[in-house]
Amino acid sequence: MGISTMTPATGADDASVHLEFADNRLLVELCGEYDRNLTQIESQLGVQIVRRGNQLAVMGDARAEAGEVLQSMYQMLTEGRSLDHGDIAALIRLGNPEEAAPEQMEMFRAGRLELRTRKKTIIPRTEAQQAYTRALLDAELNFGIGPAGTGKTYIAVAAAVQMFADGHVDKIILSRPAVEAGERLGFLPGDMKEKVDPYMQPLYDALNDFLPGKQLQKLMEERRIEIAPLAFMRGRTLSNAFVLLDEAQNATEMQMKMFLTRLGEGSRMVITGDRSQIDLPRGVQSGLRAAERILDGVDGIRFSYFTSSDVVRHPLVARIIRAYEKDEETSG
């Protein structure tokens with residue numbers, strides 16, 4: 001099926017934008033269940049969208065911007081790509097000249113770079129994400145550093161699954177320091193796996209987004225996918241594997257050095273972290289900060305940095321991060 005055209009309807013007045021869609025099935029997907037996609041656009045851009053048959057009428061000050069977002073959404077659907085809340089939020093954000101350069105909208109719409117997994121395709125939503133994704137595919141050792149919600153871990157796990165599926169690596173190893181996030185959890189019952197799994201849950205969540213449940217379970221039983229605390233990496237040589245250390249700001253200097261020196265032949269290694277969320281005891285230096293300083297300029301190592309403008313969760317998350325950054329600047 002070719003890409004259908006969407007043009008302003010004849011007789012449209014200056015107070016509204018009218019879009020016509022040739023494929024009613026795709027229009028249903030574009031609107032979403034109970035028109036939730038349209039509601040999201042209305043809420044974030046302050047417009048009103050009225051559906052009449054195979055047409056959408058957009059009214060409000062941001063009607064032209066909303067029309068661009070709707071066209072980009074339809075284009076994605078005609079190319080067989082999925083469309084979720086985050087995709088729509090990214091299109092809205094990238095279409096806002098205050099938050100993103102105009103060329104970012106074209107980058108996202110064109111989908112020049114993507115990661116394909118068994119369950120979904122991941123498309124970088126910002127220039128920083130695009131540069132990071134390319135670095136993951138090109139370099140053997142990568143650092144992704146920035147605030148929560150910028151896709152550092154999610155994109156890295158997607159890259160791991162794609163490389164594994166394509167036969168570039170034989171296994172996936174995902175790790176995190178088992179450090180309490182400012183809380184005293186006390187004694188945890190159960191065996192070792194039951195004790196550490198709560199710390200690893202975000203990694204399980206990401207894998208479940210990219211692999212069918214039965215396949216993931218089988219691969220973990222065969223230990224072709226491992227999820228383990230950082231302490232379990234000591235003494236190993238990780239060859240022909242995609243290795244990810246998440247929440248690396250909570251690794252000590254010695255732990256970071258230990259982890260980095262596990263890199264074996266045919267492997268890729270990624271370290272992700274957020275310097276603003278260090279949970280180490282007072283006086284203990286973050287291994288992530290030390291690695292930035294020590295490894296800066298080392299050939300073969302790539303550093304990718306994210307800011308609050310790269311946040312792809314709920315739009316409020318970006319505003320929260322900016323508020324905290326502003327408070328740190330004024331109080332620091």
Side-chain angles (χ1 to χ4, degrees), residues 3-111 123-130 147 149-151 307-323 325-326:
I3 298 176
S4 302
T5 57
M6 302 191 310
T7 58
T10 56
D13 57 55
D14 293 336
S16 63
V17 169
H18 290 239
L19 300 170
E20 184 174 338
F21 302 81
D23 191 323
N24 281 320
R25 181 184 61 81
L26 292 183
L27 178 57
V28 170
E29 289 187 52
L30 183 146
C31 294
E33 188 177 12
Y34 304 116
D35 289 343
R36 64 183 179 189
N37 295 343
L38 303 185
T39 301
Q40 181 181 348
I41 296 172
E42 289 177 326
S43 175
Q44 290 189 235
L45 292 179
V47 297
Q48 181 183 2
I49 304 174
V50 178
R51 180 178 175 182
R52 299 188 184 97
N54 69 333
Q55 296 183 2
L56 294 177
V58 188
M59 292 154 282
D61 292 341
R63 57 188 177 275
E65 183 180 353
E68 279 287 314
V69 170
L70 288 165
Q71 292 187 57
S72 297
M73 291 165 60
Y74 191 75
Q75 177 76 12
M76 290 175 64
L77 292 171
T78 60
E79 294 171 0
R81 294 191 247 165
S82 61
L83 190 65
D84 61 25
H85 183 281
D87 294 325
I88 299 168
L91 286 169
I92 292 171
R93 183 181 64 256
L94 295 175
N96 184 346
E98 295 182 358
E99 297 191 29
E103 60 268 19
Q104 285 187 331
M105 174 70 91
E106 188 59 34
M107 173 207 75
F108 184 81
R109 189 185 299 160
I123 302 168
R125 295 172 177 171
T126 69
E127 285 193 69
Q129 285 193 352
Q130 186 185 46
T150 50
T307 68
S308 56
S309 63
D310 298 303
V311 171
V312 292
R313 290 181 185 167
H314 193 287
L316 188 55
V317 174
R319 297 198 289 272
I320 290 170
I321 291 171
R322 283 195 288 269
E325 289 173 347
K326 183 177 179 180

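All values derive from a computational prediction rather than experimental measurement.
- Under 3.5 Å, the side chains of Q75 and E79 contain a donor-acceptor pair of N or O atoms.
- In this structure, the side chains of Y74 and D23 come closer than 4.5 Å at one or more pairs of heavy atoms.
- Within a 6.0 Å sphere centred on CG of N24, other residues, nucleotides and ligands contribute more than 12 heavy atoms.
- Side-chain contact between I88 and L91 is absent, with no heavy atoms from C-beta onward closer than 4.5 Å.
- One finds the OG atom of S16 at 7.5 Å from the CZ atom of R63 (value rounded to the nearest 0.5 Å).
- Counting heavy atoms from C-beta outward, R319 and R322 have side chains that approach closer than 4.5 Å.
- Here the CG-CD distance, from L45 to E65, works out to 5.0 Å after rounding to the nearest 0.5 Å.
- Evaluation of the side-chain hydrogen bond (donor to acceptor under 3.5 Å, both in side chains) rule for Q48 yields no partner, not counting sequence neighbours.
- Considering every non-hydrogen atom in both M73 and N37, the closest pair reads CE-CB, 4.1 Å.
- Heavy atoms only, all atoms of each residue included: L27 and G53 are closest at CD2-O, 3.7 Å.
- Not a single donor-acceptor pair under 3.5 Å links the side chain of S43 to the backbone N or O of T39.
- The minimum heavy-atom distance linking M59 with V50 is given by the pair CE-CG2, 3.5 Å.
- Residues I41 and V69 have side chains in contact (heavy-atom distance under 4.5 Å, counting atoms from C-beta outward).
- Summarising the geometry, atom CZ belonging to F21 is positioned 5.5 Å from atom CG belonging to L70; distances are rounded to the nearest 0.5 Å.
- Closest of all the heavy-atom pairs between H18 and A57 is CE1-CB, 3.9 Å.
- With rounding to the nearest 0.5 Å, the separation of CD1 in I49 from CG in D35 is 9.0 Å.
- Qualifying side-chain contact (heavy atoms from CB on, under 4.5 Å) partners for R36, counting only residues two or more places apart in sequence or in other chains: E33.
- Here the closest non-hydrogen pair linking S309 and T126 is O-CG2, 4.2 Å.
- Not counting sequence neighbours, the partners of E29 by the side-chain contact (heavy atoms from CB on, under 4.5 Å) test are R25, L26, L77.
- A heavy-atom distance below 4.5 Å is found between the side chains of L30 and L56.
- The heavy-atom pair separating S308 from P147 by the smallest distance is N-CG, 4.0 Å.
- Panel note: side chain E20, backbone N54; no donor-acceptor pair is recorded below 3.5 Å.
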